[in-house]
Amino acid sequence: MLRRTLNLGILAHVDAGKTTLTERLLYEAGVIRVLGRVDDGTTQTDTMALEQERGITIKSAVVSFELGGVTVNLIDTPGHPDFIAEVERVLGVLDGAVLVISAVEGVQAQTPLLMRALQRLQVPTLLFVNKTDRRGADPSRVVEGVRERLTPTVAPVDSVDEVVSALAENDEALLAAYVDGDGLPEEALRRELAAQTERASVYPAFFGSAKTGEGLEELTAGIAELLPAREGDSDGPLSGRVFKIERGPGGEKVAYVRLFSGTVHVRDRLGENRKITALSVFGDGGAVPRQEAVAGQIAQLWGLGDVRIGDTIGERPPGARHRFAPPTLEAVVAPLRVEDKPALHTALTQLEEQDPLINLRQGDRDELSVSLYGEVQKEVIEATLARDYGVEAEFRETTIICVERPVASAEAVEILNAESNPFPATIGLRVEPLAAGAGVGFETAIHSRAAPLYLFKTFGSFAEHMEQFVRKALHKGLCGWEVTDCLVTLTAFGYAGADGPPSKRGPLATSADYRKLTGLVLRQALEAARTVVCEPIHCFHVGVPADTLGAVLPALARLEALPEPPSIRGTWATVEGEVRAARMNELQQQLRGLTRGEGVVELVFDRYEAAR
Ligand SMILES: Nc1nc2c(ncn2[C@@H]2O[C@H](COP(=O)(O)OP(=O)(O)OP(=O)(O)O)[C@@H](O)[C@H]2O)c(=O)[nH]1
Ligand SMILES: [Mg+2]
């Protein structure tokens, strides 16, 4: 029998109460008899020892409960910005989301970032204003903040007028009917609310406390009525996405896959070195061993050898992907004992499978380095190496990762048989600067007949390979940094003997020839265009005891941070502004010293800017 599934992400700024809410939903659904607490390290989703000790979520985790004939897979995500990559991977597998906002703190640094991602991907989303039991909770002020900073179409469900006015933003006829007539029947209003929520054009808001359970009944009803549970096409072509990888107790790899279409069975082959040896499906409270998993479900698969996070199973799933800014820091990792070097390499390789953005690389002097979002992530990797792999390692000083942007447009061509061209092919590439933050685009301006079909079969596959070669070549720009924010166009292409009779053909270029020639030509184009090195700039939000402001503000000035005027509420002051990533570490350290350890700082990447 087929059941409908709702894959539901819980997202929020750090500490807003995602894990507590997840626990509460499981409790209300009868999956657990005793309510665990984050502060005691007893929740269902913060299961890693490190999560329990620190009281923060580090990895996304899946749990499941039944709600009116629908299997709801809840994905609890971390809120700390150092673990934003976990959120990024989860975004691609959701049918819906709950964005949690604290009723005391309101919209926080990470909230708009998450909301923008949900909006861009058009994920149907409910807002949950949590912690209404706490002193200082002010739900209507929070709704105002949401309206100003997140979306004008927030619909607080406890106010019919506000719901109607949010719905009317997208449907004027509705407002007319409401104002002219005797109001709308509640049933019609609910249907319209569900329809607009599914289109992500309106965002219903609920209020309550994950801690006390207040308001949970309404939220649960909202999840059941307003979010779209799906019944996928299990007879369709296989299509799924790997969004999480973990190691089982015996060190074996477990891949979490969301299936969008089709069915997988135990013993299915999903490619070379990839035979499913066992699988579990989320449902009935947790992951249950099964023989098959179908469209809509989340399954754990064993036996997929070299699988990596983000991999596609079968056909590429529908929908766009969202990428947050990549890590802006890097650090060299070295073992304390020299003989641990191979073990360190193995351990980091495994951690990279679970988090490719750490981008493990071996430097000039055989040093291993990784990319990082921040200090907490660094501490977590260090602790994981020691605990799970028995490798004591230390991180050298953290440095920033810059990018390069082309300054002007330029084109370069290497013609077949020219003296400067060691490869039996012709390639021309044009590089044009794009707006900051646009990323890399690739186009081909050549005729499809020019493609070397002896190698790539179709024009599409040829273009895909050329794009890969270009992207690879862009990894290292003129100053050694990744080149970004540019459009690269393939303007000329040819290979030996493309036109002549077979007997007259010279050596045919190999795939490796095309790759190397792409690198050569791209470099020439970049040299002509010139590049500028850009460094990461972060927004900071600092909270300090008001009596320390006199020391904090001059310190910010010394760090070249650009603070806005502080705002003071009672004994607490907050300051926002910008700081170069290169000075983030000092900012965090100095703040601790200047505020008796009470100061808190949040940093969110904002943009790259020409380095000074
Ligand atoms: N008073 C009150 N406290 C809450 C509520 N929800 C969560 N908390 C507390 O807030 C703190 C953070 O809760 P978590 O559930 O860990 O928050 P989180 O969003 O999962 O945090 P991260 O996963 O680290 O981003 C804990 O001390 C909780 O006990 C609530 O509704 N009321
Ligand atoms: Mg949590």
Side-chain angles (χ1 to χ4, degrees), residues 8-28 32 34-63 74-91 97-115 117-118 125-139 142 205-220 244 324 373-377 379-380 383 541 543 600-604:
L8 181 63
I10 312 283
L11 280 67
H13 186 88
V14 66
D15 265 357
K18 297 172 289 297
T19 301
T20 308
L21 178 63
T22 303
E23 191 75 9
R24 174 60 70 175
L25 287 166
L26 290 178
Y27 178 78
E28 302 278 329
I32 50 174
V34 182
L35 204 56
R37 286 163 44 103
V38 171
D39 310 274
D40 302 338
T42 51
T43 59
Q44 296 296 305
T45 46
D46 281 355
T47 51
M48 289 164 59
L50 272 172
E51 295 180 313
Q52 293 166 0
E53 282 159 26
R54 288 174 169 258
I56 61 167
T57 303
I58 294 168
K59 295 269 180 198
S60 61
V62 187
V63 287
L74 275 183
I75 311 182
D76 181 19
T77 63
H80 195 286
D82 282 14
F83 308 114
I84 188 84
E86 287 287 306
V87 184
E88 179 176 294
R89 296 189 272 267
V90 161
L91 278 172
V98 175
L99 182 66
V100 184
I101 304 171
S102 162
V104 182
E105 283 87 6
V107 172
Q108 291 174 280
Q110 202 79 345
T111 327
L113 202 78
L114 298 170
M115 184 67 172
L118 292 166
T125 300
L126 308 182
L127 307 177
F128 184 62
V129 179
N130 187 32
K131 305 196 185 184
T132 52
D133 61 304
R134 261 181 59 189
R135 217 156 53 96
D138 190 346
V142 174
F206 295 80
F207 305 85
S209 162
K211 195 164 190 171
T212 66
E214 188 197 319
L216 258 288
E217 209 175 304
E218 290 81 358
L219 177 65
T220 311
K244 176 181 164 83
F324 294 108
Y373 278 103
E375 293 301 307
V376 176
Q377 184 189 13
E379 288 164 23
V380 164
H541 177 107
V600 284
V601 54
E602 285 162 9
L603 289 153
V604 177

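Each ligand, and each atom within it, is numbered from 1 in the order the structure gives. In this text, all values refer to a predicted model and were calculated from it rather than measured experimentally.
- Judged by distance alone, the side chains of Asp46 and Thr57 do bring a donor and an acceptor atom under 3.5 Å apart.
- Of the N and O atoms on the side chains of Asp76 and Thr19, at least one donor lies less than 3.5 Å from an acceptor on the other residue.
- Side-chain atoms of Val90 and Ser60, non-hydrogen and from C-beta on, do get closer than 4.5 Å to each other.
- Of all protein atoms, those that are N, O or S and lie under 2.8 Å from the Mg ion (ligand 2) total 2.
- Between Glu379 and Arg54 there is a salt bridge, with a side-chain nitrogen of the basic residue lying less than 4.0 Å from a carboxylate oxygen of the acidic one.
- Ion pairing of Arg134 with Glu105 is present here, as a side-chain N (NZ or NE/NH1/NH2) and a carboxylate O approach within less than 4.0 Å.
- Glu602 and His13 share a donor-acceptor pair across their side chains, judged by distance under 3.5 Å alone.
- Under the side chain to side chain donor-acceptor pair (under 3.5 Å) criterion, Thr43 pairs with no residue at all, not counting sequence neighbours.
- Residues passing the side chain to side chain donor-acceptor pair (under 3.5 Å) test with Arg89, sequence neighbours excluded: Glu86, Asp355.
- Side chains of Leu216 and Leu21 form a contact here, defined as non-hydrogen atoms less than 4.5 Å apart.
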Starting from the N and O atoms of ligand 1, find every protein N or O within less than 3.5 Å and list the pair with its distance.
from     : atom 1 : to     : atom 2 : distance (Å)
ligand 1 : 1 (N)  : Asp133 : OD2    : 3.0
ligand 1 : 6 (N)  : Asn130 : ND2    : 3.2
ligand 1 : 10 (O) : Lys131 : NZ     : 3.2
ligand 1 : 15 (O) : Thr19  : N      : 3.4
ligand 1 : 15 (O) : Thr20  : N      : 2.8
ligand 1 : 15 (O) : Thr20  : OG1    : 2.5
ligand 1 : 17 (O) : Gly17  : N      : 3.1
ligand 1 : 19 (O) : Ala16  : N      : 3.3
ligand 1 : 19 (O) : Gly17  : N      : 2.9
ligand 1 : 19 (O) : Lys18  : N      : 2.8
ligand 1 : 19 (O) : Lys18  : NZ     : 2.7
ligand 1 : 20 (O) : Lys18  : N      : 3.4
ligand 1 : 20 (O) : Thr19  : N      : 2.9
ligand 1 : 20 (O) : Thr19  : OG1    : 2.9
ligand 1 : 21 (O) : Asp15  : N      : 3.1
ligand 1 : 23 (O) : Thr57  : N      : 3.3
ligand 1 : 23 (O) : Thr57  : OG1    : 2.7
ligand 1 : 24 (O) : Thr57  : N      : 3.1
ligand 1 : 25 (O) : Asp15  : N      : 3.3
ligand 1 : 25 (O) : Lys18  : NZ     : 2.8
ligand 1 : 25 (O) : Gly79  : N      : 3.0
ligand 1 : 27 (O) : Asp39  : OD1    : 2.8
ligand 1 : 27 (O) : Asp39  : OD2    : 3.2
ligand 1 : 29 (O) : Asp39  : OD2    : 2.8
ligand 1 : 31 (O) : Asn130 : OD1    : 3.0
ligand 1 : 31 (O) : Lys131 : N      : 3.4
ligand 1 : 31 (O) : Ser209 : OG     : 3.1
ligand 1 : 31 (O) : Ala210 : N      : 3.1
ligand 1 : 31 (O) : Lys211 : N      : 3.2
ligand 1 : 32 (N) : Asp133 : OD1    : 2.8
ligand 1 : 32 (N) : Asp133 : OD2    : 3.4

